[in-house]
Amino acid sequence: VLEVLASCVIGFVVAIYCLLEKHRLVRNFKCVIFAFCSKERAAYILHVLQTSEQIFRGFVGGQLVVALLLGVMYFVGMTLCGFPYATVISLLVAVLSLIPILGTLISALIGCFLILVAAPEKIWYFIILYIVLQRIEADLLYPKIVGKAVGLSELWVLAAVTLGGSMMGILGMLIFIPLVSVIYTCLLYTSPSPRDISGS
(Lines give C-alpha, C1' and ligand atoms only; values in the text may rest on other atoms or scores of the structure.)
Protein backbone atom coordinates (compact mmCIF):
# COMPACT_ATOMS: atom_id res chain seq x y z
CA VAL A 1 0.00 0.00 0.00
CA LEU A 2 2.80 2.40 0.90
CA GLU A 3 4.58 1.63 -2.36
CA VAL A 4 1.44 2.38 -4.38
CA LEU A 5 0.82 5.62 -2.48
CA ALA A 6 4.43 6.70 -2.95
CA SER A 7 4.24 5.96 -6.68
CA CYS A 8 1.01 7.97 -6.99
CA VAL A 9 2.50 10.96 -5.16
CA ILE A 10 5.70 10.87 -7.22
CA GLY A 11 3.72 10.51 -10.44
CA PHE A 12 1.51 13.47 -9.49
CA VAL A 13 4.54 15.66 -8.73
CA VAL A 14 6.25 14.67 -11.99
CA ALA A 15 3.05 15.43 -13.91
CA ILE A 16 2.88 18.92 -12.37
CA TYR A 17 6.50 19.62 -13.33
CA CYS A 18 5.87 18.35 -16.86
CA LEU A 19 2.86 20.64 -17.22
CA LEU A 20 4.84 23.63 -15.98
CA GLU A 21 7.68 22.90 -18.40
CA LYS A 22 5.60 21.58 -21.29
CA HIS A 23 6.62 24.24 -23.84
CA ARG A 24 10.32 23.72 -23.17
CA LEU A 25 9.93 19.93 -23.22
CA VAL A 26 8.08 20.05 -26.55
CA ARG A 27 10.74 22.31 -28.05
CA ASN A 28 13.56 20.04 -26.85
CA PHE A 29 11.72 16.96 -28.10
CA LYS A 30 11.34 18.50 -31.57
CA CYS A 31 15.05 19.35 -31.61
CA VAL A 32 15.92 15.74 -30.78
CA ILE A 33 13.64 14.42 -33.53
CA PHE A 34 15.08 16.72 -36.20
CA ALA A 35 18.62 15.95 -35.01
CA PHE A 36 18.29 12.19 -35.48
CA CYS A 37 15.78 11.98 -38.36
CA SER A 38 15.48 13.37 -41.83
CA LYS A 39 13.14 16.27 -42.41
CA GLU A 40 10.50 14.07 -44.02
CA ARG A 41 10.65 11.45 -41.25
CA ALA A 42 10.65 14.09 -38.52
CA ALA A 43 7.67 15.83 -40.12
CA TYR A 44 5.77 12.53 -40.25
CA ILE A 45 6.55 11.73 -36.59
CA LEU A 46 5.33 15.16 -35.50
CA HIS A 47 2.21 14.72 -37.61
CA VAL A 48 1.47 11.38 -35.90
CA LEU A 49 2.01 12.91 -32.45
CA GLN A 50 -0.23 15.88 -33.24
CA THR A 51 -2.94 13.57 -34.57
CA SER A 52 -2.66 11.38 -31.47
CA GLU A 53 -2.96 14.36 -29.17
CA GLN A 54 -6.05 15.67 -30.98
CA ILE A 55 -7.79 12.28 -31.05
CA PHE A 56 -7.05 11.41 -27.41
CA ARG A 57 -8.10 14.87 -26.21
CA GLY A 58 -11.33 14.75 -28.22
CA PHE A 59 -12.08 11.19 -27.08
CA VAL A 60 -11.56 11.88 -23.37
CA GLY A 61 -13.44 15.18 -23.47
CA GLY A 62 -16.28 13.69 -25.48
CA GLN A 63 -16.58 10.69 -23.16
CA LEU A 64 -16.82 12.97 -20.13
CA VAL A 65 -19.48 15.15 -21.76
CA VAL A 66 -21.55 12.14 -22.83
CA ALA A 67 -21.25 10.59 -19.37
CA LEU A 68 -22.39 13.82 -17.72
CA LEU A 69 -25.34 14.29 -20.06
CA LEU A 70 -26.39 10.66 -19.69
CA GLY A 71 -26.24 10.84 -15.90
CA VAL A 72 -28.33 14.01 -15.89
CA MET A 73 -30.93 12.49 -18.22
CA TYR A 74 -31.19 9.39 -16.02
CA PHE A 75 -31.55 11.51 -12.88
CA VAL A 76 -34.24 13.73 -14.39
CA GLY A 77 -36.16 10.79 -15.88
CA MET A 78 -35.99 8.66 -12.74
CA THR A 79 -36.94 11.58 -10.50
CA LEU A 80 -39.95 12.49 -12.63
CA CYS A 81 -41.09 8.85 -12.69
CA GLY A 82 -40.57 8.41 -8.94
CA PHE A 83 -37.95 5.65 -9.13
CA PRO A 84 -36.03 4.76 -5.96
CA TYR A 85 -32.24 5.26 -5.79
CA ALA A 86 -32.36 7.86 -8.56
CA THR A 87 -29.16 9.58 -7.47
CA VAL A 88 -27.18 6.38 -6.95
CA ILE A 89 -28.21 4.81 -10.25
CA SER A 90 -27.59 8.05 -12.15
CA LEU A 91 -24.07 8.29 -10.73
CA LEU A 92 -23.42 4.67 -11.61
CA VAL A 93 -24.62 5.27 -15.16
CA ALA A 94 -22.43 8.38 -15.51
CA VAL A 95 -19.29 6.64 -14.20
CA LEU A 96 -19.74 3.27 -15.91
CA SER A 97 -20.68 4.84 -19.24
CA LEU A 98 -17.00 5.79 -19.56
CA ILE A 99 -16.47 2.09 -20.35
CA PRO A 100 -17.48 1.76 -24.01
CA ILE A 101 -20.35 -0.61 -24.93
CA LEU A 102 -20.33 -2.59 -21.67
CA GLY A 103 -20.57 0.28 -19.17
CA THR A 104 -24.19 1.24 -19.65
CA LEU A 105 -25.25 -2.41 -19.72
CA ILE A 106 -23.57 -3.08 -16.36
CA SER A 107 -25.10 0.03 -14.82
CA ALA A 108 -28.54 -0.99 -16.14
CA LEU A 109 -28.24 -4.44 -14.58
CA ILE A 110 -27.27 -2.90 -11.22
CA GLY A 111 -30.14 -0.42 -11.52
CA CYS A 112 -32.60 -3.20 -12.30
CA PHE A 113 -31.45 -5.12 -9.25
CA LEU A 114 -31.83 -2.09 -6.94
CA ILE A 115 -35.27 -1.23 -8.27
CA LEU A 116 -36.32 -4.88 -8.14
CA VAL A 117 -35.48 -4.92 -4.42
CA ALA A 118 -37.06 -1.55 -3.54
CA ALA A 119 -39.98 -1.27 -5.99
CA PRO A 120 -40.45 -4.38 -8.15
CA GLU A 121 -43.61 -3.02 -9.74
CA LYS A 122 -41.53 -0.29 -11.48
CA ILE A 123 -38.93 -2.56 -13.01
CA TRP A 124 -40.54 -2.58 -16.47
CA TYR A 125 -40.78 1.21 -16.52
CA PHE A 126 -37.07 1.41 -15.72
CA ILE A 127 -36.27 -0.98 -18.56
CA ILE A 128 -38.30 1.21 -20.95
CA LEU A 129 -36.46 4.32 -19.67
CA TYR A 130 -33.14 2.55 -20.15
CA ILE A 131 -33.97 1.57 -23.75
CA VAL A 132 -35.09 5.11 -24.64
CA LEU A 133 -32.06 6.82 -23.09
CA GLN A 134 -29.72 4.22 -24.55
CA ARG A 135 -31.07 4.97 -28.02
CA ILE A 136 -30.61 8.71 -27.43
CA GLU A 137 -27.01 8.13 -26.37
CA ALA A 138 -26.15 5.72 -29.17
CA ASP A 139 -27.93 7.59 -31.99
CA LEU A 140 -27.51 11.24 -30.98
CA LEU A 141 -24.98 11.95 -28.23
CA TYR A 142 -22.14 9.52 -28.94
CA PRO A 143 -21.93 10.00 -32.75
CA LYS A 144 -22.18 13.78 -32.49
CA ILE A 145 -19.73 14.26 -29.61
CA VAL A 146 -17.32 11.32 -29.53
CA GLY A 147 -17.74 10.02 -33.07
CA LYS A 148 -16.33 13.15 -34.66
CA ALA A 149 -13.23 13.01 -32.46
CA VAL A 150 -12.53 9.30 -32.97
CA GLY A 151 -13.78 8.75 -36.51
CA LEU A 152 -14.24 4.97 -36.24
CA SER A 153 -17.16 2.82 -37.26
CA GLU A 154 -18.99 0.67 -34.73
CA LEU A 155 -17.18 -2.45 -35.98
CA TRP A 156 -13.77 -0.94 -35.30
CA VAL A 157 -14.92 0.36 -31.91
CA LEU A 158 -16.11 -3.12 -30.97
CA ALA A 159 -12.84 -4.66 -32.16
CA ALA A 160 -10.81 -2.09 -30.20
CA VAL A 161 -12.85 -2.69 -27.04
CA THR A 162 -12.51 -6.47 -27.36
CA LEU A 163 -8.77 -6.36 -28.00
CA GLY A 164 -8.12 -3.77 -25.30
CA GLY A 165 -10.24 -5.62 -22.76
CA SER A 166 -8.49 -8.93 -23.41
CA MET A 167 -5.03 -7.35 -23.08
CA MET A 168 -5.41 -4.70 -20.37
CA GLY A 169 -8.89 -5.03 -18.88
CA ILE A 170 -11.01 -1.92 -18.36
CA LEU A 171 -8.04 0.40 -18.94
CA GLY A 172 -7.48 -1.26 -22.31
CA MET A 173 -11.11 -0.66 -23.27
CA LEU A 174 -10.60 3.06 -22.69
CA ILE A 175 -7.19 3.39 -24.35
CA PHE A 176 -7.55 1.16 -27.39
CA ILE A 177 -10.39 3.10 -29.06
CA PRO A 178 -8.37 6.32 -29.58
CA LEU A 179 -5.23 4.22 -30.19
CA VAL A 180 -6.90 2.30 -33.01
CA SER A 181 -8.24 5.59 -34.34
CA VAL A 182 -4.72 7.03 -34.44
CA ILE A 183 -3.40 3.97 -36.29
CA TYR A 184 -6.34 4.04 -38.69
CA THR A 185 -5.85 7.76 -39.39
CA CYS A 186 -2.11 7.41 -39.93
CA LEU A 187 -2.59 4.50 -42.33
CA LEU A 188 -5.42 6.20 -44.18
CA TYR A 189 -3.81 9.53 -44.88
CA THR A 190 -0.44 10.29 -46.36
CA SER A 191 2.20 12.04 -44.32
CA PRO A 192 2.35 15.84 -44.60
CA SER A 193 5.27 17.73 -45.97
CA PRO A 194 7.78 19.45 -43.66
CA ARG A 195 6.52 22.80 -44.93
CA ASP A 196 3.01 21.99 -43.61
CA ILE A 197 4.37 21.04 -40.21
CA SER A 198 6.55 24.12 -39.90
CA GLY A 199 3.65 26.29 -41.01
CA SER A 200 1.32 24.82 -38.38
Which atom of Ile45 lies closest to which atom of Cys37, heavy atoms considered: CD1-SG, 4.0 Å
Shortest non-hydrogen separation from Met167 to Phe176 and the atoms involved: SD-CZ, 3.8 Å
Determine, using the 4.5 Å side-chain heavy-atom cutoff (strictly less than), whether [X] and [Y] are members of one ILVMFWY cluster.
{"X": "Ile110", "Y": "Val88", "value": "yes"}
{"X": "Leu69", "Y": "Phe75", "value": "no"}
{"X": "Val117", "Y": "Leu92", "value": "yes"}
{"X": "Val93", "Y": "Ile136", "value": "yes"}
{"X": "Val72", "Y": "Leu80", "value": "yes"}

Say you draw a straight line from [atom1] of [X] to [atom2] of [Y]; how long is it, rounded to the nearest 0.5 Å?
{"X": "Leu179", "Y": "Leu163", "atom1": "CG", "atom2": "CG", "value": "9.0 Å"}
{"X": "Ile89", "Y": "Leu96", "atom1": "CD1", "atom2": "CG", "value": "12.0 Å"}
{"X": "Ile55", "Y": "Ile183", "atom1": "CD1", "atom2": "CD1", "value": "10.0 Å"}
{"X": "Cys31", "Y": "Phe36", "atom1": "SG", "atom2": "CZ", "value": "11.5 Å"}
{"X": "Thr51", "Y": "Glu53", "atom1": "OG1", "atom2": "CD", "value": "9.5 Å"}
{"X": "Ser97", "Y": "Gln63", "atom1": "OG", "atom2": "CD", "value": "7.0 Å"}

Is the shortest side-chain heavy-atom distance between [X] and [Y] below 4.5 Å?
{"X": "Leu98", "Y": "Leu64", "value": "yes"}
{"X": "Phe12", "Y": "Val9", "value": "no"}
{"X": "Ile123", "Y": "Cys112", "value": "yes"}
{"X": "Phe59", "Y": "Ile175", "value": "no"}
{"X": "Ile115", "Y": "Met78", "value": "yes"}
{"X": "Leu25", "Y": "Tyr17", "value": "no"}
{"X": "Leu109", "Y": "Phe113", "value": "no"}

Residue Tyr85 excluded, over 12 heavy atoms near OH under 6.0 Å: no
Glu121 atom CD, over 12 foreign heavy atoms within 6.0 Å: yes
Sole candidate of Val132, Ile127, Leu133, Ile131 that passes side chain to side chain contact (heavy atoms under 4.5 Å, CB included) when paired with Leu129: Leu133
Parallel, tilted or perpendicular: rings of Phe126 and Phe83 (30°, 60°): perpendicular
Donor-acceptor contact below 3.5 Å, side chain Lys122 vs main chain Gly82: yes
